[in-house]
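Presented below is the structure to which this report refers.
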Amino acid sequence: MDLLTYLQTYEPDELVRISGNTYTTKTHDSLKISNGMWMWWSRGIGGRSAVDYLMRVRDMTFIEAVSQIANDESALRKQYEKPKPRTEKNLILPTKAENNDIAIEYLKQRGINEEVISYFIEHGMLYQSVPMNNIVFVGYDENNIPKYAGMRGTEKYRYIGDAYGSDKTFPFRLVNKENTNIHIFEGAIDLLSYATLLYEQGSDFKSQNLVSLSGVYKPTKNMTNAQIPLSLRTVLKDNPQLKTVYLHLDNDSAGRKAAEVISNLLKDKYTVKKHFVPVGKDVNDYLCYSKNLPYRTFEKEVACR
């Protein structure tokens, strides 16, 4: 099975059409699929089949790759030796562009202050990738080693994804060991929006604890098995000085449910405050509204009055 057929059949949401019959993937913007072949340009590897892709890009063994397609792992294991234990996946950061002009302009259009953008760029937490000009939001571990990279498209289509090997234990975040408050956001754009609101009000956003959950938190239906999001759980564990948790999640049914679940899980140890924006769906909507910029809410663009 060729890769395009595989993705169209089993993972259609992973495909991003560039033009004509040429595609890339949400996870790897430097991987191109065309004329029955695929090529991962940033790594210099390519092939034709879905098995090649699963082995060389997804780091699967041959048995795992074929089983993914054929769903017949038991039969395959009779013919091949037991595969070696999987090793930890290393983060593969998207290739940096020569400059960040497109990323900066995109964020400014979303209302983000240029001084805020510059701070995150200077500290290696934000940059523009090639060839797709995505914005890359980088998360570091306690040794200042990159462990997570979330990508956001700057084009008209809504593209959001994580780089291969991303570990959400260390999301895009800003940590201050001396501050006892922590502010939680669904995504990086909302984090930057809140930092902008602080900056433009004369407050020092760099003195705050700001953490992105790297996506929507979807609690389990069985509340007895509900858990705190991994990214939040880790930062709380590593920062015992924290006392108050501010939840700046989306002002929709999913965001309110997530806030309620997280609040119940944390209430015995922390003071939890749920902050929903008075206008729009999320913090960026509210920032744009406050600046009289068009904002997006529920996937529709609204012109501020």
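Bear in mind that the values here come from a model prediction, so they are computed numbers and not experimental data.
Here T95 pairs with S42, V130 under the side-chain contact (heavy atoms from CB on, under 4.5 Å) rule; sequence neighbours left out.
If you take CZ on F62 and CG on D52, they are separated by 10.0 Å, rounding to the nearest 0.5 Å. With values rounded to the nearest 0.5 angstrom, S212 atom OG is found 14.5 Å from H183 atom NE2. Distance check, rounded to the nearest 0.5 Å: CD1 of I262 to CD1 of I228 gives 8.5 Å. Here CG of L230 is found 10.5 Å from CG of L213. Values are rounded to the nearest 0.5 Å. Note that the OG atom of S193 and the CZ atom of F185 stand 8.5 Å from one another [nearest 0.5 Å]. Note that CZ of R17 and OH of Y23 are 3.0 Å apart. Values are rounded to the nearest 0.5 Å.
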* To do: Check the pair D2, R48 against salt bridge (Lys or Arg N to Asp or Glu O under 4.0 Å), reporting the backbone distance first and the verdict last.
  => CA-CA 6 Å; D2 65 274; R48 177 184 295 273; over 6 Å; no
* To do: Dump the intermediate steps for side-chain hydrogen bond (donor to acceptor under 3.5 Å, both in side chains) on D29 and S129, then the final yes or no.
  => CA-CA 9 Å; D29 56 14; S129 70; 3.1 Å; yes
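If you check the side chains of S214 and D162, you find no donor sitting under 3.5 Å from an acceptor. Checking N239 against K177 by side-chain atom types alone, a donor-acceptor pair falls below 3.5 Å. No side-chain donor from either of N134 and Q128 sits under 3.5 Å from a side-chain acceptor of the other. In this structure, a donor-acceptor pair under 3.5 Å is absent between the side chains of N284 and D190.
Counting only heavy atoms from C-beta outward, the side chains of L91 and D167 never approach each other to under 4.5 Å. With contacts defined as side-chain heavy-atom distances shorter than 4.5 Å, the pair V235/N209 does not qualify. The closest side-chain heavy-atom distance from K274 to E260 is below 4.5 Å. In this structure the side chain of W40 reaches within 4.5 angstrom of the side chain of I92, judged on heavy atoms. Side chains of R58 and Y53 form a contact here, defined as non-hydrogen atoms less than 4.5 Å apart. Contact check for F205 versus T196: no side-chain heavy atoms found under the 4.5 Å cut-off. You'll find the side chain of Y246 reaches within 4.5 Å of the side chain of N181, heavy atoms only. The shortest distance between side-chain heavy atoms of E14 and T27 falls below 4.5 Å.
What you find for K237 and P240 is that their closest heavy atoms are O-CD, 4.2 Å. Taking both residues in full, the closest heavy atoms of G255 and D252 are given as N-OD1, 2.7 Å, listed atom of the first, atom of the second, then distance. Here the closest non-hydrogen pair linking G280 and V277 is O-CG2, 3.5 Å. Of all heavy-atom pairs spanning Q241 and N176, the tightest one is NE2-O, 3.5 Å. Across T24 and S30, no two heavy atoms sit closer than the pair OG1-N, 4.4 Å. When all heavy atoms are compared, the tightest approach of A65 to L54 is O-CD1, 3.6 Å.
N251 places no side-chain N or O within 3.5 Å of a backbone atom of D282 that could act as its donor or acceptor partner.
Within a 6.0 Å sphere centred on OH of Y286, other residues, nucleotides and ligands contribute 12 heavy atoms or fewer. Atom CD of E98 has 12 or fewer heavy atoms from other residues, nucleotides or ligands within 6.0 Å. More than 12 heavy atoms of other residues, nucleotides or ligands lie within 6.0 Å of NZ in K291, so this atom counts as buried by the packing criterion. Within a 6.0 Å radius of NZ in K206, more than 12 heavy atoms belonging to other residues, nucleotides or ligands are found.
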Pairs of donor and acceptor atoms involving the side chains of residues 116-125, under 3.5 Å and at least two apart or interchain, shall be tabulated with distances.
residue	atom	partner	partner atom	Å
S118	OG	E114	O	2.9
H123	ND1	Y119	O	2.8

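Classification of the H248-H275 ring pair by plane angle, with boundaries at 30° and 60°, yields perpendicular.
The only option from L210, V138, L192, V211 that meets the side-chain contact (heavy atoms from CB on, under 4.5 Å) definition with F172 turns out to be L192.
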